[in-house]
Amino acid sequence: MNTSEFIFSSEVEQVEKLSAKWQTPSNIALVKYWGKSEPQIPKNASISFTLNNCHTNTSIDFEKVSRNEKADFELFFEGKKKDDFKPKIAKFFERIQQYCPYILEYKMTISSENSFPHSSGIASSASGMSAIAMCLLSLEKALNPDLSEAFINKKASFLARLGSGSASRSIEGPLVVWGNHPEIEGSSDLFGVQFPHKVASIFDDYQDVILLVDKGEKQVSSTVGHNLMHNNPYAESRFTQANDNLAKLSKILQNGEIKKFISLVESEALTLHAMMLMSNPYFILMKPNTLEIINKIWKYRAETNSNICFTLDAGANVHVLFPSEEKENVLQFIDNQLSKYCQNGQFIADSVGFGAKKL
């Protein structure tokens with residue numbers, strides 16, 4: 001595993017002060033990654049839709065200081081000092097300082113806000129960590145103006161992965177693969193890459209409505225969940241299945257086989273939850289309303305021949321996926337029949353997006 005290309009060594013410019021601001025999105029995996037080894041290496045490849053509306057805006061003000069032993073930073077979330085988030089960010093800076101030694105020479109003031117409610121059950125680590133990574137690469141680009149955009153995106157994905165594995169898939173879009181896979185050219189366990197093939201038009205501007213079934217804190221953290229795969233008797237079979245499914249999905253996306261897409265994506269979602277049911281200790285991450293929604297989606301699809309389907313993260317919320325041509329009908333269905341299963345009737349209408357944006 002050669003990571004030497006990501007070690008910063010060539011400072012060209014002196015930078016006393018810099019302010020960087022980026023918006024990076026969340027993403028939703030179609031083929032799930034569940035299980036990893038250190039340092040944040042996935043046990044199987046995954047592929048995700050990059051989202052558009054669910055994003056994090058982060059700015060970092062860098063001010064040159066004498067070299068520190070460890071990263072010196074203040075953290076503000078939605079305008080308020082957020083010291084309880086600091087340990088995770090501090091650990092991230094420890095992990096990346098060999099690749100970004102310049103962070104020890106700056107006092108950093110990090111200000112962040114989400115477009116979605118915090119603790120809404122939407123994973124904010126992917127958008128949050130990728131936004132920090134892009135801000136760091138803004139400083140690196142100022143120190144070495146010769147860096148290409150392609151390298152910046154690649155290194156940002158590499159760094160973001162060390163904070164949150166799924167964050168590696170939030171730098172670019174609309175489809176990103178993370179994890180080495182023989183059928184995806186350029187794919188790597190170290191960073192995400194854009195899906196290299198042209199997809200059928202039905203998958204353009206794909207819609208994702210996130211139904212907020214449970215806005216509470218996750219029953220089990222992603223780190224704990226991933227670690228439970230080490231002793232799961234079905235883990236190796238699952239890793240093989242996921243890689244096989246990614247190969248199948250690659251062809252499905254290119255050929256526009258929407259019915260096969262529905263079947264595979266829903267199976268992946270349920271398999272993720274099955275892995276938690278079969279872990280020790282075991283967890284049920286769905287809520288009764290999650291199951292109500294799934295059954296309503298299946299009934300609606302059977303009755304209307306709609307191409308609606310669902311996927312799930314490691315929690316109770318439901319991502320409702322469908323082609324943009326069905327937007328009006330599906331939103332009406334969600335409003336009339338599914339919103340009552342959401343906390344306070346809340347859902348977020350989103351669609352696929354194209355990754356990080358400089359603000």
Side-chain angles (χ1 to χ4, degrees), residues 23-30 32 48-58 77-80 82 84-85 112-128 131 164 166 170 205-222 225 265-266 269-270 272-273 276 283-301 304 306 308-324 326-353:
Q23 177 183 102
T24 58
S26 191
N27 64 74
I28 179 64
L30 304 172
K32 312 293 184 180
S48 59
F49 273 140
T50 309
L51 297 180
N52 187 59
N53 300 334
C54 290
H55 56 250
T56 298
N57 291 345
T58 295
F77 181 71
E78 297 184 345
K80 295 177 182 173
K82 205 70 178 168
D84 52 328
F85 285 7
S112 195
E113 60 184 19
N114 293 335
S115 66
F116 48 90
H118 183 62
S119 297
S120 64
I122 298 173
S124 58
S125 58
S127 53
S164 165
S166 58
S170 279
D205 194 28
Y206 223 69
Q207 304 293 299
D208 177 8
V209 176
I210 305 150
L211 306 182
L212 303 180
V213 174
D214 181 16
K215 303 200 311 184
E217 207 165 301
K218 284 198 289 190
Q219 185 185 348
V220 57
S221 75
S222 296
V265 167
E266 290 189 345
L270 295 173
L272 170 66
H273 284 252
M276 294 303 290
F283 293 93
I284 299 175
L285 301 182
M286 294 187 199
K287 300 289 185 187
N289 282 353
T290 309
L291 295 172
E292 290 282 0
I293 288 166
I294 290 171
N295 281 303
K296 289 281 186 188
I297 288 172
W298 285 341
K299 185 169 184 281
Y300 176 81
R301 192 165 70 216
T304 65
S306 166
I308 190 175
C309 70
F310 70 86
T311 189
L312 307 163
D313 266 337
N317 294 336
V318 182
H319 288 250
V320 185
L321 301 173
F322 52 95
S324 58
E326 293 191 40
K327 186 174 181 178
E328 190 178 339
N329 289 340
V330 172
L331 286 178
Q332 196 171 7
F333 164 61
I334 290 169
D335 221 17
N336 293 342
Q337 294 195 46
L338 301 186
S339 61
K340 63 186 175 186
Y341 300 110
C342 302
Q343 247 184 295
N344 304 319
Q346 282 189 288
F347 59 88
I348 298 171
D350 210 335
S351 59
V352 298

Worksheet item: Would Tyr341 and Leu211 count as a side-chain contact (heavy atoms from CB on, under 4.5 Å) if you check the C-alpha gap in whole Å, the side-chain angles of each, and the deciding distance to 0.1 Å?
Response: CA-CA 8 Å; Tyr341 300 110; Leu211 306 182; over 6 Å; no
Is a side-chain N or O of [X] found less than 3.5 angstrom from the main chain of [Y], in a donor-acceptor match?
| X | Y | answer |
| --- | --- | --- |
| Gln207 | Asp205 | yes |
| Asp208 | Ser351 | no |
| Asn27 | Ser166 | yes |
| Ser170 | Pro25 | yes |
| Thr58 | Ser112 | no |
| Ser115 | Asn53 | yes |
| Asp335 | Leu331 | no |
| Asp350 | Asn52 | yes |
| Thr311 | Leu30 | no |

Interatomic spacing from [atom1] in [X] to [atom2] in [Y] - rounded to 0.5 Å:
| X | Y | atom1 | atom2 | answer |
| --- | --- | --- | --- | --- |
| Leu212 | Asn289 | CG | CG | 12.5 Å |
| His273 | Ile284 | NE2 | CD1 | 11.5 Å |
| Ile293 | Ser339 | CD1 | OG | 9.5 Å |
| Ile348 | Asn317 | CD1 | CG | 8.5 Å |
| Glu113 | Gln23 | CD | CD | 9.5 Å |
| Ile28 | Phe49 | CD1 | CZ | 10.5 Å |

Is any side-chain heavy atom of [X] less than 4.5 Å from a side-chain heavy atom of [Y]?
| X | Y | value |
| --- | --- | --- |
| Ile334 | Tyr300 | no |
| Leu270 | Met286 | yes |
| Asn329 | Ser306 | no |
| Leu312 | Thr290 | yes |
| Ile210 | Leu51 | yes |

Item to complete: Just jot down the side chain to side chain donor-acceptor pair (under 3.5 Å) partners of Thr50, sequence neighbours excluded, or say none.
Response: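 Thr50: no side chain to side chain donor-acceptor pair (under 3.5 Å) contacts found.
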Practice prompt. Mind checking side chain to side chain donor-acceptor pair (under 3.5 Å) for Ser222 and listing every partner two or more places apart, or none if nothing turns up?
Written response: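 With neighbours one apart ignored, the set is Lys218.
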[X] and [Y]: which non-hydrogen atoms are nearest, and at how many Å?
| X | Y | result |
| --- | --- | --- |
| Asp214 | Ala316 | CB-CB, 3.9 Å |
| Glu78 | Asn114 | OE2-N, 3.5 Å |
| Asp313 | Lys32 | OD1-NZ, 4.1 Å |
| Glu266 | Ile297 | OE2-CG2, 4.5 Å |
| Val213 | Lys287 | CG1-CB, 4.2 Å |

Worksheet item: How are the rings of Trp298 and Phe310 set to each other: parallel, tilted or perpendicular (split at 30° and 60°)?
Response: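 Plane angle between 30° and 60°, so tilted.
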Worksheet item: Among Ser127, Ser124, Ser125, whose side-chain hydrogen bond (donor to acceptor under 3.5 Å, both in side chains) with Ser164 holds?
Response: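 Passing option: Ser125.
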Worksheet item: What residues form a side-chain contact (heavy atoms from CB on, under 4.5 Å) with Lys340, not counting sequence neighbours?
Response: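 Listed in chain order: nothing, the list is empty.
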